[in-house]
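In this text, all values refer to a predicted model and were calculated from it rather than measured experimentally. Each chain gets a letter, A, B and so on, in the order the sequences are listed, and its residues count up from 1.
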There are 2 protein chains.
Amino acid sequence: MSISPDLDAFDRAILALLQKDNAMPQRTIGEAVNLSAPAVQRRIKRMEETGIIRANVALVDPAKVGHPITIFVEVEVESERAELIDAAKRGFAAVPEVQQCYYVTGEADFILVVTVATMADYEALTRRLFFANNNVKRFRTFVAMDRVKVGMEVPVGR
Amino acid sequence: MSISPDLDAFDRAILALLQKDNAMPQRTIGEAVNLSAPAVQRRIKRMEETGIIRANVALVDPAKVGHPITIFVEVEVESERAELIDAAKRGFAAVPEVQQCYYVTGEADFILVVTVATMADYEALTRRLFFANNNVKRFRTFVAMDRVKVGMEVPVGR
DNA sequence: GTTCCAAACGAAACAAACTTGCATTTCAAG
DNA sequence: CTTGAAATGCAAGTTTGTTTCGTTTGGAAC
(Lines give C-alpha, C1' and ligand atoms only; values in the text may rest on other atoms or scores of the structure.)
Protein backbone atom coordinates (compact mmCIF):
# COMPACT_ATOMS: atom_id res chain seq x y z
CA MET A 1 0.00 0.00 0.00
CA SER A 2 0.99 3.60 -0.19
CA ILE A 3 3.16 4.99 2.50
CA SER A 4 1.26 6.72 5.25
CA PRO A 5 2.77 9.96 6.32
CA ASP A 6 2.70 9.60 10.06
CA LEU A 7 -0.10 11.33 11.81
CA ASP A 8 0.44 14.00 14.39
CA ALA A 9 -1.71 14.60 17.44
CA PHE A 10 -4.06 16.86 15.45
CA ASP A 11 -4.75 14.19 12.85
CA ARG A 12 -5.38 11.57 15.48
CA ALA A 13 -7.75 13.83 17.39
CA ILE A 14 -9.65 14.58 14.19
CA LEU A 15 -9.82 10.88 13.29
CA ALA A 16 -11.14 10.01 16.71
CA LEU A 17 -13.97 12.48 16.25
CA LEU A 18 -14.78 11.53 12.66
CA GLN A 19 -15.02 7.87 13.58
CA LYS A 20 -17.81 8.76 15.96
CA ASP A 21 -19.57 11.40 13.85
CA ASN A 22 -18.43 12.63 10.48
CA ALA A 23 -21.37 15.00 10.14
CA MET A 24 -19.83 17.28 12.72
CA PRO A 25 -19.04 20.71 11.20
CA GLN A 26 -15.36 21.36 10.60
CA ARG A 27 -15.65 24.50 12.65
CA THR A 28 -16.78 22.45 15.65
CA ILE A 29 -13.97 19.99 15.10
CA GLY A 30 -11.61 22.90 14.93
CA GLU A 31 -12.75 24.21 18.28
CA ALA A 32 -12.37 20.76 19.80
CA VAL A 33 -8.81 20.27 18.60
CA ASN A 34 -7.69 23.92 18.60
CA LEU A 35 -7.37 24.48 14.90
CA SER A 36 -9.10 26.68 12.35
CA ALA A 37 -11.77 25.22 10.11
CA PRO A 38 -9.63 25.40 6.95
CA ALA A 39 -6.79 23.60 8.71
CA VAL A 40 -9.17 20.84 9.70
CA GLN A 41 -10.54 20.66 6.18
CA ARG A 42 -7.07 20.35 4.64
CA ARG A 43 -6.10 17.58 7.03
CA ILE A 44 -9.27 15.64 6.36
CA LYS A 45 -8.78 15.97 2.64
CA ARG A 46 -5.21 14.75 2.90
CA MET A 47 -6.25 11.75 4.96
CA GLU A 48 -8.92 10.89 2.43
CA GLU A 49 -6.44 11.13 -0.42
CA THR A 50 -3.88 8.95 1.29
CA GLY A 51 -6.51 6.36 2.13
CA ILE A 52 -6.27 6.73 5.87
CA ILE A 53 -9.96 7.54 5.68
CA ARG A 54 -11.32 4.75 3.52
CA ALA A 55 -14.90 5.98 3.28
CA ASN A 56 -17.61 8.09 4.85
CA VAL A 57 -20.74 6.10 5.49
CA ALA A 58 -24.01 5.92 7.37
CA LEU A 59 -24.44 3.04 9.80
CA VAL A 60 -27.91 1.54 9.69
CA ASP A 61 -29.63 -0.59 12.28
CA PRO A 62 -30.03 -4.01 10.64
CA ALA A 63 -33.08 -4.94 12.70
CA LYS A 64 -34.94 -1.86 11.56
CA VAL A 65 -34.47 -2.63 7.90
CA GLY A 66 -35.58 -6.22 8.14
CA HIS A 67 -32.36 -8.02 8.97
CA PRO A 68 -32.69 -8.85 12.66
CA ILE A 69 -30.39 -11.87 12.56
CA THR A 70 -26.59 -11.69 12.62
CA ILE A 71 -24.65 -14.92 12.21
CA PHE A 72 -20.98 -15.87 12.37
CA VAL A 73 -19.78 -18.70 10.19
CA GLU A 74 -16.47 -20.52 10.37
CA VAL A 75 -15.72 -22.10 7.04
CA GLU A 76 -13.16 -24.83 6.46
CA VAL A 77 -12.09 -25.60 2.92
CA GLU A 78 -10.88 -28.81 1.31
CA SER A 79 -7.99 -27.36 -0.65
CA GLU A 80 -5.95 -24.27 0.00
CA ARG A 81 -4.72 -23.99 -3.56
CA ALA A 82 -4.32 -20.32 -4.29
CA GLU A 83 -6.81 -20.13 -7.11
CA LEU A 84 -9.45 -21.96 -5.11
CA ILE A 85 -8.94 -19.64 -2.18
CA ASP A 86 -9.19 -16.63 -4.45
CA ALA A 87 -12.36 -17.99 -5.97
CA ALA A 88 -13.82 -18.48 -2.52
CA LYS A 89 -12.90 -14.92 -1.55
CA ARG A 90 -14.58 -13.50 -4.59
CA GLY A 91 -17.60 -15.71 -4.12
CA PHE A 92 -18.15 -14.74 -0.50
CA ALA A 93 -17.46 -11.07 -1.06
CA ALA A 94 -20.02 -10.88 -3.85
CA VAL A 95 -22.90 -11.84 -1.58
CA PRO A 96 -24.69 -8.84 -0.04
CA GLU A 97 -25.76 -10.82 3.02
CA VAL A 98 -22.09 -11.47 3.74
CA GLN A 99 -21.32 -8.27 5.56
CA GLN A 100 -17.76 -9.17 6.46
CA CYS A 101 -15.37 -11.89 5.30
CA TYR A 102 -11.91 -12.66 6.63
CA TYR A 103 -9.35 -15.24 5.53
CA VAL A 104 -7.82 -16.50 8.75
CA THR A 105 -5.31 -18.85 10.31
CA GLY A 106 -6.33 -21.32 12.96
CA GLU A 107 -8.94 -24.03 13.01
CA ALA A 108 -10.94 -22.40 10.25
CA ASP A 109 -10.03 -20.84 6.92
CA PHE A 110 -12.72 -18.19 6.59
CA ILE A 111 -14.87 -16.35 9.04
CA LEU A 112 -17.98 -14.68 7.73
CA VAL A 113 -20.39 -12.25 9.31
CA VAL A 114 -23.79 -12.72 7.76
CA THR A 115 -26.95 -10.65 8.16
CA VAL A 116 -30.34 -12.12 7.24
CA ALA A 117 -34.04 -11.58 7.76
CA THR A 118 -34.96 -15.11 8.81
CA MET A 119 -33.33 -18.42 9.61
CA ALA A 120 -34.95 -19.78 6.47
CA ASP A 121 -32.98 -17.22 4.52
CA TYR A 122 -29.82 -18.35 6.25
CA GLU A 123 -30.60 -21.95 5.46
CA ALA A 124 -31.04 -21.04 1.81
CA LEU A 125 -27.76 -19.14 1.92
CA THR A 126 -25.84 -22.09 3.36
CA ARG A 127 -27.18 -24.21 0.54
CA ARG A 128 -25.99 -21.77 -2.08
CA LEU A 129 -22.70 -20.88 -0.47
CA PHE A 130 -21.51 -24.03 1.25
CA PHE A 131 -23.34 -27.18 0.19
CA ALA A 132 -23.17 -26.24 -3.47
CA ASN A 133 -19.44 -25.55 -3.17
CA ASN A 134 -17.19 -28.59 -3.54
CA ASN A 135 -14.31 -26.85 -1.85
CA VAL A 136 -16.16 -26.29 1.43
CA LYS A 137 -15.33 -29.12 3.80
CA ARG A 138 -17.44 -27.99 6.73
CA PHE A 139 -18.80 -24.93 8.44
CA ARG A 140 -19.91 -23.99 11.92
CA THR A 141 -22.66 -21.51 12.73
CA PHE A 142 -22.88 -19.06 15.63
CA VAL A 143 -26.08 -17.08 15.93
CA ALA A 144 -25.75 -13.71 17.65
CA MET A 145 -28.11 -13.29 20.58
CA ASP A 146 -26.75 -9.85 21.46
CA ARG A 147 -24.71 -7.48 19.36
CA VAL A 148 -22.84 -6.19 22.37
CA LYS A 149 -20.53 -3.89 20.44
CA VAL A 150 -20.56 -3.18 16.73
CA GLY A 151 -18.73 -0.83 14.46
CA MET A 152 -15.50 -0.34 12.59
CA GLU A 153 -13.80 2.04 14.97
CA VAL A 154 -10.04 1.79 15.28
CA PRO A 155 -8.20 3.19 18.29
CA VAL A 156 -6.01 6.12 17.31
CA GLY A 157 -4.93 7.25 20.72
CA ARG A 158 -1.33 7.88 21.56
CA MET B 1 -36.86 -0.98 20.32
CA SER B 2 -39.12 1.58 18.79
CA ILE B 3 -41.32 0.57 15.95
CA SER B 4 -39.90 1.41 12.58
CA PRO B 5 -42.31 2.93 10.14
CA ASP B 6 -41.76 0.78 7.10
CA LEU B 7 -39.52 2.18 4.45
CA ASP B 8 -40.64 2.79 0.93
CA ALA B 9 -38.55 2.41 -2.19
CA PHE B 10 -37.24 5.98 -1.86
CA ASP B 11 -35.98 5.41 1.67
CA ARG B 12 -34.29 2.20 0.70
CA ALA B 13 -32.62 3.79 -2.30
CA ILE B 14 -31.36 6.63 -0.12
CA LEU B 15 -30.09 4.21 2.51
CA ALA B 16 -28.26 2.18 -0.10
CA LEU B 17 -26.44 5.30 -1.23
CA LEU B 18 -25.68 6.63 2.25
CA GLN B 19 -24.19 3.32 3.32
CA LYS B 20 -21.65 3.71 0.55
CA ASP B 21 -21.02 7.45 0.84
CA ASN B 22 -22.78 9.79 3.20
CA ALA B 23 -20.82 12.81 1.99
CA MET B 24 -22.79 12.79 -1.23
CA PRO B 25 -24.76 16.06 -1.59
CA GLN B 26 -28.49 15.76 -1.07
CA ARG B 27 -29.05 17.25 -4.49
CA THR B 28 -27.07 14.45 -6.08
CA ILE B 29 -28.96 11.87 -4.08
CA GLY B 30 -32.16 13.53 -5.18
CA GLU B 31 -31.22 13.21 -8.82
CA ALA B 32 -30.30 9.57 -8.34
CA VAL B 33 -33.59 8.64 -6.72
CA ASN B 34 -35.86 11.17 -8.47
CA LEU B 35 -36.66 13.39 -5.54
CA SER B 36 -36.00 17.00 -4.65
CA ALA B 37 -33.23 17.90 -2.22
CA PRO B 38 -35.63 18.92 0.57
CA ALA B 39 -37.50 15.65 0.24
CA VAL B 40 -34.24 13.74 0.57
CA GLN B 41 -33.26 15.86 3.54
CA ARG B 42 -36.55 15.23 5.33
CA ARG B 43 -36.33 11.49 4.81
CA ILE B 44 -32.77 11.34 6.07
CA LYS B 45 -33.69 13.35 9.13
CA ARG B 46 -36.62 11.08 9.86
CA MET B 47 -34.49 7.96 9.53
CA GLU B 48 -31.94 9.45 11.87
CA GLU B 49 -34.59 10.30 14.43
CA THR B 50 -36.15 6.84 14.31
CA GLY B 51 -32.76 5.22 14.67
CA ILE B 52 -32.75 3.52 11.30
CA ILE B 53 -29.58 5.46 10.71
CA ARG B 54 -27.57 4.77 13.84
CA ALA B 55 -24.62 7.02 13.09
CA ASN B 56 -22.61 8.77 10.42
CA VAL B 57 -18.96 7.85 10.59
CA ALA B 58 -15.65 7.82 8.79
CA LEU B 59 -14.10 4.41 8.12
CA VAL B 60 -10.37 4.39 8.67
CA ASP B 61 -7.82 1.93 7.39
CA PRO B 62 -6.49 0.17 10.51
CA ALA B 63 -3.13 -0.64 8.95
CA LYS B 64 -2.48 3.01 8.19
CA VAL B 65 -3.01 4.09 11.76
CA GLY B 66 -0.79 1.46 13.27
CA HIS B 67 -3.19 -1.44 13.79
CA PRO B 68 -2.26 -3.88 11.03
CA ILE B 69 -3.50 -6.98 12.84
CA THR B 70 -7.12 -8.09 13.05
CA ILE B 71 -7.98 -11.07 15.21
CA PHE B 72 -11.10 -13.10 15.91
CA VAL B 73 -11.53 -14.64 19.32
CA GLU B 74 -14.05 -17.23 20.39
CA VAL B 75 -14.55 -17.05 24.12
CA GLU B 76 -16.14 -19.75 26.23
CA VAL B 77 -17.23 -18.90 29.76
CA GLU B 78 -17.51 -21.02 32.89
CA SER B 79 -20.85 -19.80 34.10
CA GLU B 80 -23.71 -18.33 32.15
CA ARG B 81 -25.28 -16.69 35.13
CA ALA B 82 -26.92 -13.51 33.94
CA GLU B 83 -24.89 -11.12 36.03
CA LEU B 84 -21.63 -12.74 35.02
CA ILE B 85 -22.57 -12.57 31.36
CA ASP B 86 -23.50 -8.91 31.75
CA ALA B 87 -20.22 -8.22 33.46
CA ALA B 88 -18.37 -9.90 30.62
CA LYS B 89 -20.28 -7.86 28.05
CA ARG B 90 -19.43 -4.64 29.80
CA GLY B 91 -15.84 -5.66 30.24
CA PHE B 92 -15.30 -6.54 26.60
CA ALA B 93 -17.18 -3.54 25.26
CA ALA B 94 -15.08 -1.16 27.33
CA VAL B 95 -11.84 -2.14 25.60
CA PRO B 96 -10.96 0.04 22.60
CA GLU B 97 -9.07 -2.76 20.89
CA VAL B 98 -12.25 -4.83 20.95
CA GLN B 99 -13.84 -3.45 17.82
CA GLN B 100 -16.83 -5.78 17.84
CA CYS B 101 -18.30 -8.12 20.44
CA TYR B 102 -21.19 -10.54 20.01
CA TYR B 103 -22.88 -12.83 22.48
CA VAL B 104 -23.63 -15.98 20.52
CA THR B 105 -25.11 -19.45 20.61
CA GLY B 106 -23.13 -22.47 19.53
CA GLU B 107 -19.78 -23.81 20.62
CA ALA B 108 -18.69 -20.45 21.96
CA ASP B 109 -20.33 -17.79 24.09
CA PHE B 110 -18.67 -14.65 22.78
CA ILE B 111 -17.02 -13.75 19.54
CA LEU B 112 -14.73 -10.75 19.54
CA VAL B 113 -13.09 -8.84 16.73
CA VAL B 114 -9.87 -7.33 17.98
CA THR B 115 -7.53 -4.88 16.31
CA VAL B 116 -3.95 -4.49 17.53
CA ALA B 117 -0.58 -3.13 16.50
CA THR B 118 1.51 -6.18 17.31
CA MET B 119 1.11 -9.76 18.45
CA ALA B 120 2.78 -8.75 21.67
CA ASP B 121 -0.07 -6.33 22.23
CA TYR B 122 -2.53 -9.13 21.60
CA GLU B 123 -0.71 -11.36 24.03
CA ALA B 124 -0.93 -8.64 26.65
CA LEU B 125 -4.60 -8.21 25.89
CA THR B 126 -5.34 -11.91 26.33
CA ARG B 127 -3.68 -11.74 29.70
CA ARG B 128 -5.81 -8.84 30.81
CA LEU B 129 -9.05 -10.01 29.28
CA PHE B 130 -9.00 -13.80 29.53
CA PHE B 131 -6.36 -15.17 31.87
CA ALA B 132 -7.17 -12.62 34.54
CA ASN B 133 -10.87 -13.41 34.28
CA ASN B 134 -12.06 -16.35 36.36
CA ASN B 135 -15.18 -16.76 34.27
CA VAL B 136 -13.32 -17.39 31.01
CA LYS B 137 -12.97 -21.14 30.52
CA ARG B 138 -11.09 -21.05 27.23
CA PHE B 139 -10.63 -19.02 24.09
CA ARG B 140 -9.56 -19.68 20.53
CA THR B 141 -7.68 -17.25 18.32
CA PHE B 142 -7.99 -16.70 14.57
CA VAL B 143 -5.59 -14.24 13.02
CA ALA B 144 -6.82 -12.54 9.86
CA MET B 145 -4.46 -12.95 6.91
CA ASP B 146 -6.74 -11.09 4.55
CA ARG B 147 -9.62 -8.76 5.30
CA VAL B 148 -11.53 -9.89 2.25
CA LYS B 149 -14.62 -7.80 2.94
CA VAL B 150 -15.15 -5.35 5.74
CA GLY B 151 -17.83 -2.90 6.67
CA MET B 152 -21.21 -2.58 8.30
CA GLU B 153 -23.36 -2.43 5.21
CA VAL B 154 -26.79 -4.01 5.42
CA PRO B 155 -28.70 -5.01 2.30
CA VAL B 156 -31.80 -2.87 1.87
CA GLY B 157 -32.90 -4.06 -1.54
CA ARG B 158 -36.41 -5.27 -2.20
C1' DG C 1 -68.72 10.80 -6.54
C1' DT C 2 -67.48 14.50 -3.24
C1' DT C 3 -65.37 16.42 0.70
C1' DC C 4 -62.00 16.65 3.90
C1' DC C 5 -57.64 15.92 6.14
C1' DA C 6 -53.01 14.55 6.78
C1' DA C 7 -48.82 13.69 4.70
C1' DA C 8 -45.49 14.58 1.35
C1' DC C 9 -43.87 17.23 -2.35
C1' DG C 10 -41.13 21.05 -5.14
C1' DA C 11 -39.53 25.93 -5.94
C1' DA C 12 -37.35 29.50 -3.97
C1' DA C 13 -35.36 32.12 -0.28
C1' DC C 14 -32.29 31.72 3.35
C1' DA C 15 -28.65 30.09 6.50
C1' DA C 16 -24.78 27.37 7.30
C1' DA C 17 -20.89 24.92 5.93
C1' DC C 18 -17.22 24.06 2.85
C1' DT C 19 -13.43 25.73 -0.10
C1' DT C 20 -9.95 28.78 -1.99
C1' DG C 21 -6.55 32.63 -2.24
C1' DC C 22 -3.26 34.89 0.13
C1' DA C 23 -0.36 36.91 3.54
C1' DT C 24 1.79 35.34 7.76
C1' DT C 25 3.89 32.19 10.94
C1' DT C 26 6.66 28.23 12.21
C1' DC C 27 10.52 25.56 12.27
C1' DA C 28 14.33 23.01 10.75
C1' DA C 29 18.39 23.21 7.70
C1' DG C 30 22.09 25.65 6.09
C1' DC D 1 20.96 34.83 11.04
C1' DT D 2 18.86 33.58 6.73
C1' DT D 3 16.21 30.70 3.89
C1' DG D 4 12.54 27.75 2.22
C1' DA D 5 9.05 24.34 2.71
C1' DA D 6 4.99 23.42 5.06
C1' DA D 7 1.21 24.68 7.73
C1' DT D 8 -1.63 28.18 9.58
C1' DG D 9 -5.54 31.83 10.05
C1' DC D 10 -8.45 35.26 7.95
C1' DA D 11 -11.64 36.64 4.69
C1' DA D 12 -14.00 36.19 0.36
C1' DG D 13 -16.44 33.23 -2.67
C1' DT D 14 -18.90 29.04 -3.63
C1' DT D 15 -21.43 25.05 -2.62
C1' DT D 16 -24.52 22.65 0.27
C1' DG D 17 -27.95 22.21 3.77
C1' DT D 18 -32.30 23.99 5.72
C1' DT D 19 -36.67 26.39 6.13
C1' DT D 20 -40.82 28.45 4.27
C1' DC D 21 -44.81 28.16 1.87
C1' DG D 22 -48.14 27.08 -1.46
C1' DT D 23 -49.53 22.87 -4.01
C1' DT D 24 -50.32 18.05 -4.86
C1' DT D 25 -51.37 13.37 -3.55
C1' DG D 26 -53.82 9.66 -1.44
C1' DG D 27 -57.16 7.91 1.45
C1' DA D 28 -61.25 7.66 4.57
C1' DA D 29 -65.75 9.23 5.65
C1' DC D 30 -69.83 10.48 4.00
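Within a 6.0 Å radius of NZ in A:K137, other residues, nucleotides and ligands contribute more than 12 heavy atoms.
Five base pairs at each end of the helix from C:dG1-D:dC30 to C:dG30-D:dC1 define two local axes, and these are offset by 30° (rounded to 10°).
By the 30° and 60° cut-offs, the orientation of the rings of B:F139 relative to B:F130 is tilted.
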Counting primed atoms, P, OP1 and OP2 as sugar-phosphate and everything else as base, the B/S/- map of nucleotides 12-24 of chain D against protein heavy atoms under 4.0 Å is ----BBBBB----
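Once you apply a 4.0 Å limit to the heavy atoms of chain B, the touched nucleotides of DNA chain C run 5' to 3' over C:dA8 to C:dA12.
The phosphate of D:dT8 (OP1 or OP2) has a side-chain N or O of A:R43 nearer than 4.0 angstrom.
Residues passing the side chain to side chain contact (heavy atoms under 4.5 Å, CB included) test with A:N134: none are found, sequence neighbours excluded.
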Return a table of donor-acceptor pairs under 3.5 angstrom between the side chains of residues 112-119 of chain B and protein atoms on other chains or two or more places apart.
unit_1, atom_1, unit_2, atom_2, d
B:T115, OG1, B:H67, ND1, 3.3
B:T118, OG1, B:A120, N, 3.4
B:T118, OG1, B:D121, N, 3.0
B:T118, OG1, B:D121, OD2, 3.3

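When the options B:Y102, B:Y103, B:F110, B:F142 are evaluated for a ring pair (Phe, Tyr, Trp, His ring centres under 6.0 Å) with A:F72, the one that passes is B:Y102.
Under a 3.5 Å cut-off, the side chain of B:K64 and the backbone N or O of A:R54 do not form any donor-acceptor pair.
You'll find the side chain of B:V150 stays beyond 4.5 Å of the side chain of B:L59, heavy atoms only. With contacts defined as side-chain heavy-atom distances shorter than 4.5 Å, the pair A:V57/B:Q19 does not qualify. Here the side chains of B:I14 and B:M47 are in contact, with some heavy-atom distance below 4.5 Å.
Under a 4.5 Å side-chain heavy-atom criterion applied to ILVMFWY residues, the cluster that includes B:L84 comprises that residue alone.
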